[in-house]
Amino acid sequence: MYCHSQVDGVRVPFTNAFALDAYRRAPERIHVVWGFAKDFGLSGFRTGFVVSKYGPVQRAMLGTAGIEEKKHPMPWFTPVDSLKQYVLGALLETTVNGTGSELYTDYAMRRYRELLSASFERVKDRLVARGIEFVHTEGDNPAQFFWLDLTAYLGKVPPNGPHGVTPLPFTENSGVNSEELKLFNYLASSPTEVTLLPGETMHSPAPGYFRLCFTAYQPEVVCEAIDRVADALAALGTAE
């Protein structure tokens, strides 16, 4: 899902499954799944594909045999509507500047790594400058995210702070720590107005970690948001 979302200097570069010796020896045992959600920033489209030479997988996807009596293909349960088909078809067929033979997708993916790396470094520098802790080891690939460590601010939101300002993006949030939820609402409320995804919505084993998507906006906008978060956290740090 993140095959193109690689920053410069990663310790273990991405390797396509089709390039593995295992694929040459037993191609029917390698199944490749990819989607447009991450690399192309089309998460709402929920569109991707499966590449497999294994007969049972192909039959399940095509609905040609073994799927009870109705034999519905797997995509039948998550159909791609006509608008998405049109947009994705146009995206895949578009050439650079509308002319020539080079596909825009090929050009975009070449430029993507450069732009992603530049955004990552710029946002990382701003986090460091503003004293916001995050979890990252040099050489690891962050894709589009920073994992912020805000554990020091748990329990510091005033009792009369904002509650229920912004609904959490996922429904599996009933078990989110109350202090983490308070901090989420505090940062999402005015004047900070920054939504950081609580780590426990993604099954973080400990509260106080938040995910920052640094590709949601242009880096200058993300850096402005970091400044507002830093100011809000500093206010908590001086509160009794």
Enquirer: Is there a path of hydrophobic side-chain contacts, each under 4.5 Å between heavy atoms, that joins Val194 and Phe214?
Expert: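 Result: yes, single cluster for both.
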Enquirer: Decide whether Thr95 and Tyr107 meet the rule of one side-chain donor and one side-chain acceptor closer than 3.5 Å.
Expert: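 Distance-only check fails for Thr95 and Tyr107.
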Enquirer: Are Val221 and Leu196 in one and the same hydrophobic cluster, where Ile, Leu, Val, Met, Phe, Trp and Tyr link if side-chain heavy atoms are under 4.5 Å apart?
Expert: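 Yes: a chain of side-chain contacts under 4.5 Å links Val221 to Leu196.
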Enquirer: Verify, without hydrogens or angle tests, whether Asp140 (side chain) and Pro142 (backbone) share a donor-acceptor contact under 3.5 angstrom.
Expert: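 No: the side chain of Asp140 does not pair with the backbone of Pro142.
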Enquirer: Using atom types as modelled, flag every donor-acceptor pair under 3.5 Å from a side chain in residues 13-24 to any protein atom, sequence neighbours excluded.
Expert:
| residue | atom | partner | partner atom | Å |
| --- | --- | --- | --- | --- |
| Asn16 | OD1 | Phe18 | N | 2.8 |
| Asp21 | OD1 | Arg24 | NH2 | 2.2 |

Enquirer: Would a 4.5 Å heavy-atom cut-off, applied to side chains only, mark Leu212 and Ile132 as touching?
Expert: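 They are not in side-chain contact.
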Enquirer: Closer than 3.5 angstrom, by distance alone: can the side chain of Arg211 be matched with the main-chain N or O of Trp147 as a donor-acceptor pair?
Expert: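 A pair under 3.5 Å: no.
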Enquirer: Roughly how far, to the nearest 0.5 Å, is the OG atom of Ser5 from the CZ atom of Phe120?
Expert: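 Going from the CZ atom of Phe120 to the OG atom of Ser5 covers 13.0 Å.
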Enquirer: Can you measure from OG (Ser119) to CD (Glu114) and round to the nearest 0.5 angstrom?
Expert: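 So the gap between those two atoms works out to 10.5 Å.
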Enquirer: Please name the pair of heavy atoms, one in Leu92 and one in Leu103, separated by the smallest distance, quoted to 0.1 Å.
Expert: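 Closest approach of Leu92 to Leu103: O-CD2, 3.5 Å.
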Enquirer: Counting C-beta onward and ignoring hydrogens, is there a side-chain heavy-atom pair between Val87 and Leu42 closer than 4.5 Å?
Expert: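 Side-chain contact under 4.5 Å: no.
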Enquirer: Answer yes if Phe36 and Val51 sit in the same cluster of Ile, Leu, Val, Met, Phe, Trp and Tyr residues linked by side chain heavy atoms under 4.5 Å apart, and no otherwise.
Expert: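 Both belong to a single hydrophobic cluster.
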Enquirer: Tell me, please, which residues at least two apart from Thr215 pass side-chain contact (heavy atoms from CB on, under 4.5 Å).
Expert: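 For Thr215 the side-chain contact (heavy atoms from CB on, under 4.5 Å) partners, ignoring immediate neighbours, are Leu116, Gln144, Cys213.
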Enquirer: Specify whether Phe49 and Trp34 have parallel, tilted or perpendicular ring planes, treating 30° as the upper limit for parallel and 60° as the lower limit for perpendicular.
Expert: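 Ring orientation, 0 to 90° scale: tilted.
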Enquirer: Could you walk me through whether Phe134 and Phe146 satisfy the ring pair (Phe, Tyr, Trp, His ring centres under 6.0 Å) test, starting with their C-alpha distance in whole Å, then the side-chain angles of each, then the deciding distance to 0.1 Å, before giving a yes or no?
Expert: CA-CA 7 Å; Phe134 57 92; Phe146 277 94; 5.3 Å; yes
Enquirer: For residues Ser117 and Gln6, report the shortest heavy-atom separation together with the two atoms involved.
Expert: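 Scanning both residues, the minimum pair turns out to be OG-O, 4.3 Å.
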Enquirer: Identify whether the distance between the nearest side-chain nitrogen and carboxylate oxygen of Asp125 and Arg122 falls below 4.0 Å.
Expert: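 Answer for the salt bridge query: no.
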